[in-house]
Amino acid sequence: MNTSRSRGRTPRTLRATALAVLLTTGAFTPSASADSARTETPVGTSGGVTETVVRVKAPLPASFGARPAACDWLSYLRYRSSSGPVSSADADRVLVAQPGILEGAGAFDSVARNTVTRAAEQGRHIEFWALDRRSNCLEDRTGIASGDQHSAVDYYYRGKQVHGRTFAGFVGNDKLGWMAKLGIEQTVRDEYDLLAAELPDQGVRKDKVLCGGHSLGGVITGYFAAADFDGDPATTADAGHNQCAGYFALDTTVSTSLGDLSGSIPDDTNLPDVGLGYGVVQAGLDSGLLPRSLSAPVLLNPETMTLLAIAGVGALQDPGGEADLPSYLPANTNIEATNRFLFSKDTATFLTGSPAVKDFRLTNEAILGSLMDDQSVPLAFLQSSVGFFDGGPVTDKNFPVANGSSSQPGLFGTEYKAIPAEPHGPLYTWRNYDSVGDPDDPAYRSSDGTPFTAAGKEVTDIQELARSMAGQPLDFTEQYFPTKLVTDLELATSPQVKRLVVHPDGLTANPTLTVLAGDGLLAGRVPADLHPVVADGYQHLDVLTAAPVQNNGRPEPVSTALTEFARTPR
């Protein structure tokens, strides 16, 4: 592949070196306060950005019932300028980000680094806090943290130990009783408690903190802005909008409605019928008759979401090596159904299972690309733009929706999908985002002559994506997403949820930055009066994962907009 720097790109060797530094620095030695109510553990320093993982003890009320001890802690990834102040209170700004649906703190890794770096180049020291929701406490990263793909598979699926630890198994609904009460009220309370613990001076919070999020995180930010935290609406120092100097929305809007996020929740999830009413739904969650975490038969469940991180391990461990992950995985119905859904070119292939993904020769990067790229994965809210297949002929992927079809564009997106065409044939490699459009690019086209992609449509570095998915101590995904969080928001007009919007004017009390993915879930549907910044060619996840320098040679626009917003006076 061409390694020209004509677009301002970073050569692969330098990217690999930076990743190695990131993943090997930091001894994971926590620093804790005397009462052990807070720990901060180094993750690494790279490119002038220091990353730590912070955990703050914040026990749930006794009414939540029994839960793992880890679930009485709140966690976030803290990114700061290495040359800036050590104390968050001394930073110029602190950006606090809520993740989207089925999303964890690790997903913010690239945009956090890019934003902190951009601000430092301008002489400003800001921090970016990527929040984990409390339910991420149930995840076990031991196998992923081994850095070895076979060890990870053996740990999660074959009962083998890693560093003397054995995986306890994926958590069933019967063990999630405490999550029946984990809705929007506790979620915004958690954010408030974390901010108050980390920045005790309310004046500092009001002056320096920017509150926001991605996707569903924009709605959570809306509820946070409108909330009251001391039970007395007449005293407003505790009001949500008085914890923030401004709001930011990444491919979402700051609101108290799910209406702008159509397509972010697949139809085949186990989400209960909210037409039953708040009381019936809550009773079902409390009793366990309804599922307490959101999942779907393929891809969107703890067992298969773990595969995304395992694919990231392989892409970091041996990017260009021929993958054996498809054949090394255990054979079970869940994994087989997911593989068929993701790798079938048409309905006949899905039904017969032939050819299967293990019949193709793919590099480890190509495996990750096929799981996450917008020209491959059919679910729009999981799509990023990380390049394209290379090394052999490709063909149209017309399952579950045919190329060119307008059926359910909110869920499946609008990009043409492709898949390798020759089983038992050439080794399919991955052409990274910054090599699309190079002179040696085959420029693959669909059967109707439509180009599958172009340089302006590719924005995310696959190695950075792999780092976000497999090289972080907090997960990219949220394996146990609380069902109640969605049902609360869908029942926004019920008295039990309406009462949480104590200060509706809080939604407009502060300046708001809205940044949209040009090809994302909200494309063309956001009111013009929000004056959104549009990142052309971006998909829903690209606003978090895009590389710092784009194929047009310009700085990444999302972090550029966040940096500019962070320097705007109140």
Hey, does the side chain of [X] reach the backbone of [Y] with a donor-acceptor pair shorter than 3.5 angstrom?
| X | Y | answer |
| --- | --- | --- |
| Asn432 | Ile462 | yes |
| Asp373 | Val386 | yes |
| Arg205 | Pro200 | yes |
| Tyr480 | Arg292 | no |
| Arg133 | Pro482 | no |
| Gln243 | Asp238 | yes |
| Arg134 | Cys71 | yes |
| Asn114 | Ala546 | yes |
| Thr363 | Gly320 | no |
| Thr52 | Val54 | no |

Check whether any side-chain heavy atom of [X] sits under 4.5 Å from a side-chain heavy atom of [Y], and report yes or no.
| X | Y | answer |
| --- | --- | --- |
| Glu478 | Met305 | no |
| Pro319 | Trp430 | no |
| Leu316 | Gln463 | yes |
| Asn364 | Leu368 | no |
| Thr545 | Phe476 | yes |
| Val171 | Pro302 | no |
| Leu131 | Val96 | yes |
| Asn551 | Val459 | no |

Check: [X]/[Y] side-chain N/O donor and acceptor closer than 3.5 Å:
| X | Y | value |
| --- | --- | --- |
| Thr304 | Asn301 | yes |
| Thr142 | His163 | no |
| His125 | Asp90 | no |
| Asn136 | Glu139 | yes |
| Thr460 | Asp542 | yes |
| Ser88 | Arg78 | yes |
| Thr45 | Thr50 | yes |
| Tyr79 | Asp109 | yes |
| Asp251 | Tyr538 | no |

Is the distance from the ring center of Phe229 to that of Phe224 below 6.0 Å? yes
[X] side, atom [atom1]; [Y] side, atom [atom2] - distance, nearest 0.5 Å:
| X | Y | atom1 | atom2 | value |
| --- | --- | --- | --- | --- |
| Asp201 | Lys206 | CG | NZ | 13.5 Å |
| Phe389 | Arg431 | CZ | CZ | 13.5 Å |
| Gln149 | Asp324 | CD | CG | 6.5 Å |
| Arg80 | Trp129 | CZ | CH2 | 12.5 Å |
| His150 | Leu325 | NE2 | CG | 8.0 Å |
| His540 | Ser215 | NE2 | OG | 3.0 Å |

Nearest heavy atoms of [X] and [Y], plus distance in Å:
| X | Y | answer |
| --- | --- | --- |
| Ile144 | Thr306 | CD1-O, 4.4 Å |
| Trp178 | Ser135 | CH2-CA, 4.3 Å |
| Pro473 | Val53 | CG-CB, 4.0 Å |
| Asp374 | Ser385 | OD2-OG, 3.3 Å |
| Ala152 | Gly143 | CB-O, 3.4 Å |
| Leu541 | Ser384 | CB-CB, 4.2 Å |

Glu556 and Arg118 ion-paired at < 4.0 Å: no
Under a 4.0 Å N-O cut-off, is there an ion pair linking Asp519 with Lys457? yes
Kindly indicate, with the supporting measurements, whether the criterion side-chain contact (heavy atoms from CB on, under 4.5 Å) is fulfilled by Leu182 and Lys484. CA-CA 6 Å; Leu182 197 58; Lys484 180 172 170 58; 5.7 Å; no
Under the side-chain contact (heavy atoms from CB on, under 4.5 Å) rule, what do Leu216 and Leu489 come out as? Steps first, then yes or no, please. CA-CA 10 Å; Leu216 184 75; Leu489 299 179; 3.5 Å; yes
For the residue pair Phe170 and Tyr157, categorise the inter-ring angle as parallel (less than 30°), tilted (30 to 60°) or perpendicular (more than 60°). tilted
Let's go through Thr166 and Gln161 carefully: what are the C-alpha distance in whole Å and the side-chain angles of both, what is the deciding distance for side chain to side chain donor-acceptor pair (under 3.5 Å) to 0.1 Å, and is it a yes or a no? CA-CA 5 Å; Thr166 302; Gln161 290 190 343; 3.2 Å; yes
Could you go step by step and tell me if Glu198 and Arg38 meet the salt bridge (Lys or Arg N to Asp or Glu O under 4.0 Å) rule? CA-CA 9 Å; Glu198 294 292 270; Arg38 181 187 191 274; 2.8 Å; yes
Carefully, step by step, assess Leu199 and Lys208 under the rule side-chain contact (heavy atoms from CB on, under 4.5 Å). CA-CA 10 Å; Leu199 297 169; Lys208 295 188 176 185; over 6 Å; no
side-chain contact (heavy atoms from CB on, under 4.5 Å) with Thr115: which of Ser559, Pro548, Ser110? Ser559
Please test Ile220 against Ile184 for side-chain contact (heavy atoms from CB on, under 4.5 Å), starting from the C-alpha separation and ending with a verdict. CA-CA 7 Å; Ile220 294 172; Ile184 186 61; 4.1 Å; yes
